[in-house]
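To start, the structure under review is shown below, and the notes come after it.
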Amino acid sequence: MTEQKHEIELWELADSEPEKFMKILGDYRQMEDRLRCRLVSHETNFNYVTAGPYVKHPMGDAVLFFDAGKSDDVRIEYHVSYEWAQKWGRSEQELMQTALKNTEKYEPSTFRNLDEVLASLAGKKLPENYQSEIPMYLLSNEEQTYGAIAVMYPEMLKKIRNQVGMDYYILPTSVHEVTIQPKYPFLDPAKIQETVQRDNRESIREEDVLSDHLFEYTEAKGRLERCSMTEKEQIRNGEAR
């Protein structure tokens with residue numbers, strides 16, 4: 001991981017030297033490199049969305065934060081309010097663009113085969129020539145924290161299309177990662193979406209839920225968009241006739 005180095009851990013100053021903390025916070029030159037963005041659910045994180053700069057995304061909202069350093073290897077971040085964005089004298093668009101650039105730089109993406117990830121968690125190793133019957137992949141970052149934002153990294157979706165060799169579904173597994181499922185014709189998108197919704201209710205903490213919907217990326221359109229269940233049903237009905 002590209003590690004960011006700061007002489008001062010801002011979170012320590014927030015309580016110990018609040019005046020110094022506020023002085024640094026008000027200086028955009030010192031804050032610019034600390035800006036980050038997180039892709040979160042609009043419904044679950046409504047307070048963030050209404051209190052500070054954000055960018056709408058099909059999966060949710062990209063919200064502006066800043067890195068305040070680490071405590072016991074845990075990253076401390078603060079939400080950026082409209083008040084501070086205005087004090088910095090920068091447009092919301094510029095702030096979000098800078099934050100996304102920094103996030104990609106300091107939190108590089110990871111793209112891992114799901115079977116390998118599960119085997120590793122179980123303390124096992126897959127056979128050398130192992131091949132998944134229906135391969136799936138996890139897109140996140142090296143810390144596996146708020147890694148869903150990687151879908152917004154420039155050219156990321158196109159790179160994944162080239163790597164998997166076909167159009168694909170995107171399952172919003174959580175705010176920390178998304179699952180990539182190649183679009184094999186025998187797969188039923190409605191059932192995949194049902195799985196996403198069930199996992200959100202039974203397996204994912206409420207604050208980590210990203211979306212209940214299934215998304216897709218097609219080379220023809222070159223963008224991520226919500227997968228239309230109605231459209232898929234119409235195609236299947238047409239093929240049946």
Between [X] and [Y], what is the shortest heavy-atom contact and its length?
{"X": "M166", "Y": "P182", "answer": "SD-CB, 3.5 Å"}
{"X": "I134", "Y": "F186", "answer": "CD1-CE1, 3.9 Å"}
{"X": "I149", "Y": "C37", "answer": "CG1-O, 3.7 Å"}
{"X": "S109", "Y": "L139", "answer": "CB-CD1, 4.1 Å"}
{"X": "V80", "Y": "A85", "answer": "CG1-N, 4.4 Å"}
{"X": "P154", "Y": "K159", "answer": "O-NZ, 4.4 Å"}

Can you list everything that forms a side-chain hydrogen bond (donor to acceptor under 3.5 Å, both in side chains) with [X]? Sequence neighbours excluded, please.
{"X": "E17", "value": "none"}
{"X": "H57", "value": "none"}
{"X": "D208", "value": "H176, R205"}

TODO: Output every pair passing ring pair (Phe, Tyr, Trp, His ring centres under 6.0 Å) with a member in residues 202-227, not counting sequence neighbours, ordered by first then second residue.
DONE: Y168-Y217

Straight-line distance of [X] [atom1] to [Y] [atom2], nearest 0.5 Å:
{"X": "K20", "Y": "E12", "atom1": "NZ", "atom2": "CD", "result": "11.0 Å"}
{"X": "D167", "Y": "I160", "atom1": "CG", "atom2": "CD1", "result": "12.5 Å"}
{"X": "Y54", "Y": "L64", "atom1": "OH", "atom2": "CG", "result": "13.0 Å"}
{"X": "L171", "Y": "I180", "atom1": "CG", "atom2": "CD1", "result": "8.0 Å"}
{"X": "S174", "Y": "L138", "atom1": "OG", "atom2": "CG", "result": "9.5 Å"}
{"X": "L25", "Y": "L10", "atom1": "CG", "atom2": "CG", "result": "8.0 Å"}

Open item on the list: Check E216 with K183, please: is the shortest side-chain N to carboxylate O separation under 4.0 Å?
Closed with: yes

- [ ] Using a strict cut-off of less than 4.0 Å between a Lys/Arg side-chain nitrogen and an Asp/Glu carboxylate oxygen, indicate whether E219 and K158 qualify as a salt bridge.
- [x] no

Open item on the list: I need the single residue from L100, T103, L157 that forms a side chain to side chain contact (heavy atoms under 4.5 Å, CB included) with M152. Which is it?
Closed with: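 Per the side chain to side chain contact (heavy atoms under 4.5 Å, CB included) rule, the option paired with M152 is L100, out of L100, T103, L157.
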
Open item on the list: Assess, by modelled atom type and distance only, whether the side chains of S140 and T110 contain a donor and an acceptor separated by less than 3.5 Å.
Closed with: no

- [ ] Return the set of residues passing salt bridge (Lys or Arg N to Asp or Glu O under 4.0 Å) with R29 (not counting sequence neighbours), or none when no residue passes.
- [x] D27

- [ ] Please identify each residue that fulfils salt bridge (Lys or Arg N to Asp or Glu O under 4.0 Å) with E225, with sequence neighbours left out.
- [x]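 Here the qualifying residues are K221, R223.
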
Test of understanding: with side chain to side chain contact (heavy atoms under 4.5 Å, CB included), list the residues that count as partners of [X], not counting sequence neighbours.
{"X": "K87", "answer": "E83, W84"}
{"X": "A51", "answer": "H79"}
{"X": "E206", "answer": "none"}
{"X": "N141", "answer": "E107, E143"}

Open item on the list: Can you confirm whether W11 sits close enough to S16 that some side-chain heavy atom of one is under 4.5 Å from a side-chain heavy atom of the other?
Closed with: no

TODO: Answer whether the closest heavy-atom distance between the side chains of M59 and V178 falls below 4.5 Å.
DONE: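 M59 reaches V178 side chain to side chain.
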
Open item on the list: Filter on side-chain hydrogen bond (donor to acceptor under 3.5 Å, both in side chains), then keep only pairs touching residues 191-200, sequence neighbours left out; what's left?
Closed with: N200-D212

Task: Residue pairs, two or more places apart or on separate chains, that pass side-chain hydrogen bond (donor to acceptor under 3.5 Å, both in side chains) and touch residues 144-157 - done: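 Of all non-adjacent pairs touching residues 144-157, none passes side-chain hydrogen bond (donor to acceptor under 3.5 Å, both in side chains).
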
Applying the 4.5 Å side-chain criterion to the ILVMFWY set and letting contacts propagate, would [X] and [Y] be lumped into a single cluster?
{"X": "V63", "Y": "V209", "value": "no"}
{"X": "L13", "Y": "Y78", "value": "yes"}
{"X": "L210", "Y": "I204", "value": "no"}

Open item on the list: Tell me whether the rings of F111 and Y137 are parallel (<30°), tilted (30 to 60°) or perpendicular (>60°).
Closed with: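 It falls in the parallel class, under 30°.
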
Sub-3.5 Å donor-acceptor pair from the side chain of [X] to the main-chain atoms of [Y], do we have one?
{"X": "S91", "Y": "E94", "answer": "yes"}
{"X": "Y28", "Y": "W88", "answer": "no"}
{"X": "N102", "Y": "E32", "answer": "yes"}

- [ ] Show your reasoning for whether salt bridge (charged side-chain N to carboxylate O under 4.0 Å, His left out) applies to D61 and K56.
- [x] CA-CA 5 Å; D61 297 305; K56 288 186 177 181; over 6 Å; no

Open item on the list: If the test is salt bridge (Lys or Arg N to Asp or Glu O under 4.0 Å), which one of R38, R36, K70 qualifies with E77?
Closed with: R38

